[in-house]
Amino acid sequence: MTSSEQKSNTNWTILFIAWLMASTGTLGSLFFSEVMEFAPCTLCWYQRIFMYPLVITLGIGLFPLDKNAIRYSLPLAVAGWLFALYHNLLYSGIIPESLQPCRQGVSCTEKYIDLFGFLTIPMLSLILFTAITALLVILKRRLS
Amino acid sequence: MEKKIIFALSVISLVVLFVLASVYFEDQQTEKIESMAMVDTAVFDRGHSQWLGSEEAKVVITEFFDPGCETCRAFHPFLLKILSHYDGKTKLVKRYAPLHLGADKMVMILEASKQQGKYWETLDVMFESQQHWASHSNPQPENIWQFLPETGLDIDKLKADMSLPEIRGILQQDMMDAKTLNVRKTPQFFVNGRPLLEFGDRQLLQLIQSEIDKHYPNQNVN
């Protein structure tokens, strides 16, 4: 195997992992809303809007490996990351409750799950968006 | 080629994982509710609710409903048909899960109408006029007052009765039990404590029939 082939394989793997994360996030959020029947709040919807298309844009970029996929996916990942960050700040109370943009019905600060004391649903979202953004930035550097 | 296989396997495993997790979760929920049904049957019928059917019935259908819910309205006549079909063998317990905006007001009106012995008449009028007060985008619960005189209720007495402390108690107890039983949508049915997992009239009928068969064996119901 030549070194350029090896490099290309690593690049593919990075994009593949990013895709895997987006898919996990998508199915995970669907599990929460459709199976466990937690109603998604407004902020959750915005994060979904930016997470779901990543499954498609990253997936298409895998066959054949296409660096344009980064161009299309990175803005989505960054936008989703910003919403996730904002949501976590609200959730943890750093931004006061009165500023929250949620309407009556589902509160954005209602805690549905809390694993190990810190893994809440918005935290899972933030972790995934951070990881996907980081992987795409690394890949962008490697390809330029 | 190898990459395509990895990708395809990932897609398949994600989907399989999702389906397995869903099935597992549903099973857990059912088990939880069914084991609760054995320990604490009171959670399904506190004895304060209005009911229809037969007192001695061995098949008790608990319905959590919301007066503002369209599907609850649509289901009501169907439930009456079931009761008359299985006459003497079924009892329908009407319990509240007021999820719509302003629905708790409707529950208080219903409960207050009980004082005048006009519960079912009031429920009928409420369902008939539902579209005028229970719109999702613009709920106007105040509109119900235009329709209530049709029931023949003494409206002044009704208004006074709405503040009876026991009414608030019933509402709170029903909401608490709805939460315990994980009622997030209405109507939600439990037949002898067994939850209706997949919503639908046929499914409900099947669930009721299976309980009828269990408790009234060797009888042909037709």
Side-chain angles (χ1 to χ4, degrees), chain A residues 1 5-41 51-52 54-66 69 102-107 110-113 115 121 124 128 132 139, chain B residues 1-33 64 66 68-69 97-105 134-141 178-188 195-199:
Chain A
M1 196 185 273
E5 254 177 63
Q6 229 165 15
K7 217 175 147 187
S8 154
N9 271 341
T10 314
N11 291 341
W12 187 86
T13 307
I14 292 174
L15 199 62
F16 174 72
I17 293 171
W19 171 83
L20 203 57
M21 286 177 167
S23 304
T24 310
T26 298
L27 287 177
S29 82
L30 287 172
F31 189 82
F32 287 136
S33 66
E34 302 308 307
V35 180
M36 299 179 82
E37 294 177 10
F38 296 159
C41 78
M51 178 69 82
Y52 294 2
L54 286 173
V55 178
I56 308 294
T57 59
L58 295 173
I60 291 171
L62 287 171
F63 300 105
L65 183 61
D66 178 4
C102 309
R103 298 196 201 137
Q104 186 161 17
V106 194
S107 159
E110 185 178 337
K111 276 203 173 66
Y112 283 122
I113 62 159
L115 296 171
I121 297 176
L124 289 171
L128 280 180
I132 292 168
L139 193 58
Chain B
M1 205 57 227
E2 197 186 310
K3 285 171 184 162
K4 283 193 176 157
I5 292 170
I6 295 174
F7 183 78
L9 284 178
S10 310
V11 172
I12 293 167
S13 9
L14 282 173
V15 171
V16 168
L17 200 66
F18 185 86
V19 172
L20 286 181
S22 308
V23 171
Y24 177 75
F25 183 81
E26 297 289 344
D27 277 356
Q28 290 290 95
Q29 289 300 101
T30 317
E31 222 168 85
K32 211 170 86 188
I33 291 172
F64 279 89
D66 178 330
C69 148
L99 305 172
H100 284 64
L101 211 64
D104 51 341
K105 238 329 182 330
S135 146
H136 277 253
S137 54
N138 182 25
Q140 292 168 299
K179 203 173 170 183
T180 309
L181 294 170
N182 206 22
V183 175
R184 290 173 192 275
K185 290 185 271 192
T186 53
Q188 174 68 268
L196 179 66
L197 292 176
E198 195 191 325
F199 188 78

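Residue numbers start from 1 in every chain, and the chains themselves are labelled A, B, ... in the order their sequence lines are given, proteins ahead of strands.
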Asks: Does the side chain of A:L58 come within less than 4.5 Å of A:L20's, by heavy atoms?
Replies: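 No - every pair of side-chain heavy atoms lies 4.5 Å or more apart.
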Asks: Against chain B, label A:L27 side chain, backbone, both or neither, depending on which of its atoms sit under 4.5 Å from a heavy atom there.
Replies: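 Contact with chain B is through both the backbone and side chain of A:L27.
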Asks: Report, in residue-number order, which members of residues 21-31 of chain B are under 4.5 Å from chain A by heavy-atom distance.
Replies: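 Result: B:A21, B:S22, B:F25, B:E26.
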Asks: Taking the side chain as everything from C-beta on, heavy atoms only, tell me whether B:L99 gets closer than 4.5 Å to B:F64.
Replies: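 They are not in side-chain contact.
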Asks: Mind checking whether B:P187 and B:C69 have side chains closer than 4.5 Å, heavy atoms only?
Replies: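 SC-SC contact between B:P187 and B:C69 confirmed.
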Asks: Using a 4.5 Å cut-off on heavy atoms from C-beta on, say whether the side chain of B:V11 contacts that of A:W19.
Replies: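 Yes; the side chains approach each other to less than 4.5 Å.
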Asks: Which atoms of A:F31 are under 4.5 Å from chain B, going by heavy atoms: the side chain, the backbone, both sets, or neither?
Replies: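 For A:F31, backbone and side chain are both near chain B.
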Asks: Quick check: do A:D66 and A:I60 have side-chain heavy atoms less than 4.5 Å from each other?
Replies: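 A side-chain contact under 4.5 Å is absent here.
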Asks: Between A:F38 and A:F32, how do the two ring planes meet: parallel, tilted or perpendicular, split at 30° and 60°?
Replies: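 Parallel, since the angle between the ring planes stays under 30°.
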Asks: Which atoms form the tightest heavy-atom contact between B:V183 and B:A97, and what is the distance?
Replies: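 What the structure gives for the nearest pair is CG1-CB, 4.1 Å.
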